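All chains are named by letter (A, B, ...) in the order of the sequence lines, taking the proteins before the strands, and each is independently numbered beginning at 1. On a predicted model such as this, the values are computed, not experimentally measured, just so you know.
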Protein chains: 2
Amino acid sequence: MFSKSCEYGIRAVIYIVSASKNGERVGIGEICQNIDAPEHFTAKILQILTRNRIVSSQKGVHGGFYLDDYQKGLALIEVVTAIDGKTLFTGCGLGLKQCSETNPCPIHSKFKSIRNDIKKMLEQTTIEELGNSIKKGKSVLKTLKI
Amino acid sequence: MFSKSCEYGIRAVIYIVSASKNGERVGIGEICQNIDAPEHFTAKILQILTRNRIVSSQKGVHGGFYLDDYQKGLALIEVVTAIDGKTLFTGCGLGLKQCSETNPCPIHSKFKSIRNDIKKMLEQTTIEELGNSIKKGKSVLKTLKI
DNA sequence: TAAATAAAAGACAAATTTATCCTTTATACA
DNA sequence: TGTATAAAGGATAAATTTGTCTTTTATTTA
């Protein structure tokens with residue numbers, strides 16, 4: 001469904017929001033330890049998100065990543081689109097380039113409603129909401145150690 | 001959503017069903033021309049499907065691929081599972097290995113209903129049904145030439 | 001202003017997916 | 001029975017995705 005990059009990206013933003021109290025910044029090392037993701041690779045994904053102003057960052061001492069109030073309110077679809085593009089919501093299920101309403105692939109209409117559901121779900125879910133779920137201990141972002 | 005392999009595989013079986021009249025066999029060359037797919041690569045995918053008894057094949061003169069009556073009635077999920085496995089229906093949206101009802105990722109429940117919808121759709125759609133849609137000219141399997 | 005810190009960025013490597021080519025095997029039919 | 005045909009299978013290559021390492025840039029603070 002999502003690429004590995006996107007999975008890491010989503011987990012990272014959720015962790016940042018869940019971990020930074022009062023605008024405190026979170027370092028890439030801490031982020032990756034807490035979401036079980038490769039550090040340098042995830043750093044590059046966060047670079048994409050900062051360039052797209054979905055995440056904020058600060059270099060130097062006490063630097064790190066954080067989300068301002070506006071960014072916390074962003075929907076998950078912003079993260080997904082920045083990393084994986086819009087193919088998941090707009091592309092043909094069978095990979096046809098010219099699939100459309102007037103020139104549909106055999107699963108076009110059935111696929112369309114699923115695509116729309118995915119899109120709707122990602123539009124209606126905010127980063128903050130998912131961060132709160134982590135804060136409250138209602139969900140996790142990494143495999144539990146035994 | 002689906003891998004390229006799976007897209008080719010689905011398009012191939014639909015074409016075979018739509019093109020083979022009275023159990024006639026369809027060659028890999030004809031298949032690939034009509035679904036815009038690389039021949040040798042698609043051949044390997046059809047090998048997977050024949051090994052899984054989703055498609056039938058015959059070597060030699062007048063050989064090729066075809067689907068018997070039972071196979072035509074198979075649901076699309078058989079094709080997808082044979083090629084891409086069950087990850088799409090069972091895997092975690094954020095890629096967590098131990099995501100579950102009792103140890104959910106932040107989007108677990110929202111994702112679950114979408115996964116189920118995809119599964120249901122693939123279970124309810126038969127290869128034959130899609131082949132008929134092509135036969136009737138109601139849908140296409142390749143980009144139209146201008 | 002210099003040192004320490006942490007993100008940004010560039011270069012490179014591994015792994016996986018996608019694609020191609022060549023040989024082998026099975027089948028039909030002349 | 002031999003030849004043509006077409007799928008099966010093996011080996012290899014290209015492309016993309018994922019992952020790592022090193023250098024550069026910006027910022028804080030002593």
Side-chain angles (χ1 to χ4, degrees), chain A residues 1-13 15-16 19-20 23-33 35-67 82-85 87-88 94-95, chain B residues 1-13 15-16 19-20 23-33 35-67 80 82-85 87-88 91 94-95:
Chain A
M1 180 83 64
F2 303 128
S3 70
K4 226 92 192 60
S5 295
C6 196
E7 291 176 358
Y8 293 150
I10 296 174
R11 273 147 66 185
V13 296
Y15 177 77
I16 296 168
S20 81
E24 221 175 71
R25 282 116 201 203
V26 192
I28 186 70
E30 179 187 338
I31 294 169
C32 291
Q33 274 175 16
I35 66 171
D36 259 339
E39 188 163 321
H40 295 281
F41 188 62
T42 307
K44 294 212 179 297
I45 297 159
L46 283 174
Q47 281 172 35
I48 295 172
L49 295 178
T50 38
R51 275 199 292 271
N52 282 275
R53 307 202 182 284
I54 291 163
V55 167
S56 300
S57 71
Q58 181 78 22
K59 288 182 179 182
V61 184
H62 297 134
F65 296 93
Y66 65 101
L67 275 75
I83 300 172
D84 277 353
T87 322
L88 186 58
L94 299 186
Chain B
M1 179 83 64
F2 303 128
S3 70
K4 224 95 193 55
S5 296
C6 196
E7 291 175 358
Y8 294 150
I10 296 174
R11 274 150 62 188
V13 296
Y15 177 77
I16 295 168
S20 82
E24 219 175 73
R25 282 114 201 206
V26 191
I28 186 69
E30 179 186 339
I31 295 170
C32 291
Q33 274 175 16
I35 67 171
D36 258 340
E39 189 163 319
H40 296 280
F41 187 61
T42 307
K44 294 213 178 300
I45 297 158
L46 283 174
Q47 281 173 35
I48 296 172
L49 295 178
T50 36
R51 275 198 292 270
N52 282 274
R53 308 203 182 281
I54 292 163
V55 168
S56 300
S57 72
Q58 182 79 20
K59 289 183 180 181
V61 183
H62 298 133
F65 297 93
Y66 64 101
L67 275 76
V80 173
I83 301 172
D84 278 352
T87 323
L88 186 59
L94 299 185

Side-chain N or O of B:T50 closer than 4.0 Å to phosphate OP1/OP2 of D:dA8: yes
Can you tell me if B:S57 touches the phosphate of D:dA8, counting only side-chain N or O atoms and a distance under 4.0 Å to OP1 or OP2? yes
Find out whether A:S20 and A:F65 are in side-chain contact, i.e. whether some heavy atom of one side chain is under 4.5 Å from a heavy atom of the other. no
So which one's nearest nucleotide on DNA chain C is more toward 5', B:Y8 or A:H40? A:H40
D:dA26 P sits how many Å from A:K59 NZ, rounded? 5 Å
Nearest-Å distance, CD (A:Q47) to P (D:dA26)? 14 Å
OP1 or OP2 of C:dA6 sitting under 4.0 Å from any side-chain N/O of A:H62? no
Could you please spell out the steps behind the side-chain contact (heavy atoms from CB on, under 4.5 Å) verdict for A:D36 and A:R11? CA-CA 9 Å; A:D36 259 339; A:R11 273 147 66 185; 4.0 Å; yes
Passes side-chain contact (heavy atoms from CB on, under 4.5 Å), A:Y8 versus A:K4? Steps please. CA-CA 6 Å; A:Y8 293 150; A:K4 226 92 192 60; 3.9 Å; yes
Below 4.0 angstrom from OP1 or OP2 of C:dA9, is there any side-chain N or O of A:R51? yes
Between C1' on C:dT18 and CD1 on B:I83, what's the gap in Å once rounded to a whole number? 14 Å
Describe the nucleic acid contact of A:V26 in one word from base, sugar-phosphate, nothing, applying a heavy-atom distance below 4.0 Å. sugar-phosphate
Tell me whether the OP1 or OP2 atom of C:dT17 has a side-chain N or O from B:S5 closer than 4.0 Å. no
Could you state the CD-C1' distance from A:E39 to C:dA8, rounded to the nearest angstrom? 14 Å
For B:G63 and for A:R25, locate the closest nucleotide of DNA chain D by heavy-atom distance; then report the residue assigned to the nucleotide nearer the 5' terminus. B:G63
A:I28 has an atom CD1; how far is it from atom P of C:dA9, in whole Å? 14 Å
Any side-chain to backbone donor/acceptor pair from B:D84 onto B:V80? Under 3.5 Å, distance only. no
Rounded to the nearest Å, what distance is computed from the NZ atom of residue B:K4 to the P atom of nucleotide D:dT17? 11 Å
If I take atom NZ in residue A:K44 and atom C1' in nucleotide D:dT16, what distance separates them, rounded to the nearest angstrom? 17 Å
With a 4.5 Å heavy-atom cut-off, do B:L49 and B:I83 have their side chains touching? yes
Whole-Å distance, A:Q58 CD to D:dA26 P, equals 13 Å
